[in-house]
Amino acid sequence: MSQPPPETWRSDDGSFVLHYPPRVLEEIRAEIVMALHGPGRGGVETGGVLIGGPSGVPGEFHLEGWRPIRCDHSRGASFLLSSRDVAALACQVEGLSGGGTGGVLGWFAAHTRGEFGLRAEEQQLHGRVFPEQAPLFMIVAPEKFGDADIRFYLVTGGAQPSAALVPGRLRLAPAPGLARPGEAPSAPAPRLVRKNRSSPRRWILPGLAIVSALVFLAAGWRLWNSPRAEAPAPPPVPQPIGEPLSISTLHITRQEDRIEISWDTFPLETSGVTATLTVLDQGRAFVRRLSPAEFALGRIEYTRPTSEIRVSLLLERNGSPSLLARTHFQGPPPSE
């Protein structure tokens, strides 16, 4: 299977250019999100060596691959290396620099705790271990729904390194069609299972419509055969468009330390529909505007740090009343 062509990201001021295969950044994103869902509340942070090199044009680099950096996490869940880890990393960088792999471009670390910026220890570690021709440092910050933001730094200077922040951020969304080397692309989750499981609910509305029609016909027959007083027909009551109508089609399924939020495919025209998912967790609201593909997929995963959350899904439709679904989840807290 042929791989997608390389993509290019440019900084906001145009001074930095990175060419990269989409598969490489997807592997890094998936690895970090998997570690985020790992042992303990909030998982652990990970890091890796970036393989590649400069393109010959100032400020322009090629990313070709990556290798994981060993961390025993003896200093906690953050990506802080012990002295043994630093020694192993120095040998790893030396081997990759002369191993015919294309050279070392730099390294990356996940930031799931604290601020989204270069830590002083990371800057010192870069100057101690990485050569001057490997100036790139990449921070990857995963989010609740699997997306990730990437911030780049150029670190130079050796024993007293200096770091320059590259203007702008690279945004990564999950790309399930990209596979690791040697693995087959994962097939999309079958939607028929969910549809079959929820199919009894689809008969509720048609059944109610049939019963309502029969009741209406019976009432009309009685009125037709009874004396009636002439009275003007009441004016139609306008239905407000701006106020959402409540619906109940959200479902929550526990998946170990995660939850899966799912919804039924609504029997309405999806063109012109804007879907917004909101998760209220520990007093903070996480809001995600769903793309048409995400809305059609019918499900999304969410990392659950607490035992109680509230979820709502708002569907805004052009010229029609909005629809609002709400649900509530309460269960045991995630395992430590």
Side-chain angles (χ1 to χ4, degrees), residues 18 20 24-53 61 63-143 148-166 172 180-181 257 303 335-336:
L18 180 68
Y20 62 93
V24 174
L25 290 188
E26 170 58 20
E27 288 180 5
I28 293 175
R29 186 206 64 80
E31 185 77 15
I32 290 175
V33 171
M34 185 182 304
L36 178 66
H37 296 157
R41 181 170 297 181
V44 296
E45 296 180 347
T46 58
V49 178
L50 299 174
I51 307 299
F61 301 91
L63 175 62
E64 301 173 6
W66 71 285
R67 300 290 187 275
I69 295 176
R70 177 186 179 276
C71 179
D72 58 16
H73 292 286
S74 59
R75 302 172 59 187
S78 298
F79 192 68
L80 299 173
L81 303 186
S82 65
S83 57
R84 181 176 299 180
D85 294 332
V86 173
L89 175 60
C91 295
Q92 182 181 18
V93 170
E94 184 178 358
L96 291 172
S97 299
T101 58
V104 175
L105 177 59
W107 64 299
F108 73 88
H111 279 200
T112 62
R113 296 164 172 80
E115 297 183 359
F116 187 21
L118 178 65
R119 298 165 180 166
E121 185 162 345
E122 292 168 339
Q123 184 172 332
Q124 294 297 324
L125 178 64
H126 192 114
R128 289 172 55 192
V129 176
F130 289 86
E132 291 187 5
Q133 58 269 26
L136 185 61
F137 176 66
M138 191 170 78
I139 299 175
V140 186
E143 295 185 356
D149 276 340
I150 296 182
R151 176 174 284 178
F152 299 96
Y153 286 84
L154 294 177
V155 185
T156 57
Q160 297 294 329
S162 61
L165 174 63
V166 174
L172 288 182
R180 297 174 180 271
D257 283 357
T303 304
S335 58
E336 293 295 336

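Residue indices begin at 1 and follow the sequence shown.
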- Task: Please lay out, stage by stage, how Arg151 and Val166 fare under the test side chain to side chain contact (heavy atoms under 4.5 Å, CB included).
- Result: CA-CA 7 Å; Arg151 176 174 284 178; Val166 174; over 6 Å; no
- Query: Would Leu96 and Ile51 count as a side chain to side chain contact (heavy atoms under 4.5 Å, CB included) if you check the C-alpha gap in whole Å, the side-chain angles of each, and the deciding distance to 0.1 Å?
  - Reply: CA-CA 8 Å; Leu96 291 172; Ile51 307 299; 3.8 Å; yes
- What's the verdict on side chain to side chain contact (heavy atoms under 4.5 Å, CB included) for His111 and Val140, showing C-alpha distance, side-chain angles and the deciding distance? CA-CA 6 Å; His111 279 200; Val140 186; over 6 Å; no
- Query: Hey, mind stepping through Ile69 and Phe79 against side chain to side chain contact (heavy atoms under 4.5 Å, CB included) and telling me if it holds?
  - Reply: CA-CA 10 Å; Ile69 295 176; Phe79 192 68; 3.8 Å; yes
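Side chains of Leu125 and Trp107 form a contact here, defined as non-hydrogen atoms less than 4.5 Å apart. Here the side chains of Pro131 and Val93 are in contact, with some heavy-atom distance below 4.5 Å. Counting heavy atoms from C-beta on, the side chains of Leu89 and Arg70 never come closer than 4.5 Å. Within the 4.5 Å cutoff, side-chain heavy atoms of Met138 are placed close to those of Leu50. The shortest side-chain heavy-atom distance between Leu154 and Leu136 falls under the 4.5 Å cut-off. A heavy-atom distance below 4.5 Å is not found between the side chains of Glu132 and Thr156. For the pair Glu64 and Val24, the minimum side-chain heavy-atom distance is 4.5 Å or more. Between Pro135 and Val155, every side-chain heavy-atom pair lies at or beyond the 4.5 Å cut-off.
Partners of Phe61 by ring-ring contact (aromatic ring centres under 6.0 Å, His included), not counting sequence neighbours, listed by chain and number: Phe16.
At least one donor-acceptor pair under 3.5 Å links the side chain of His126 to the backbone N or O of Ala134. For the pair Gln123 (side chain) and Pro161 (backbone), a donor-acceptor distance under 3.5 Å is present.
Between Trp66 and Phe108, the ring planes lie perpendicular to each other; the angle is over 60°, past the 30° to 60° tilted range. The aromatic rings of Tyr153 and Phe137 sit tilted, their planes meeting at an angle between 30° and 60°.
Between Val129 and Ala90 the shortest heavy-atom distance is CG1-CA, 3.8 Å. Phe152 and Ile150 get closest at one heavy-atom pair: CZ-CG2, 3.5 Å. Of all heavy-atom pairs between Thr46 and Ala35, the closest is CG2-CB, 3.5 Å. Considering every non-hydrogen atom in both Leu63 and Gly65, the closest pair reads CD1-O, 3.5 Å. Leu80 and Cys71 get closest at one heavy-atom pair: O-SG, 3.7 Å. For Ile32 against Ala110, the heavy-atom pair with the smallest separation is CG2-CB, 3.7 Å.
With Pro142 as the fixed residue, the side chain to side chain contact (heavy atoms under 4.5 Å, CB included) test singles out one of Leu172, Asp149, Leu36: Leu36.
For the pair Arg119 and Glu45, the salt-bridge criterion is met [side-chain N within less than 4.0 Å of a carboxylate O]. A salt bridge links Glu121 to Arg75: one of the charged nitrogens lies within less than 4.0 Å of a carboxylate oxygen.
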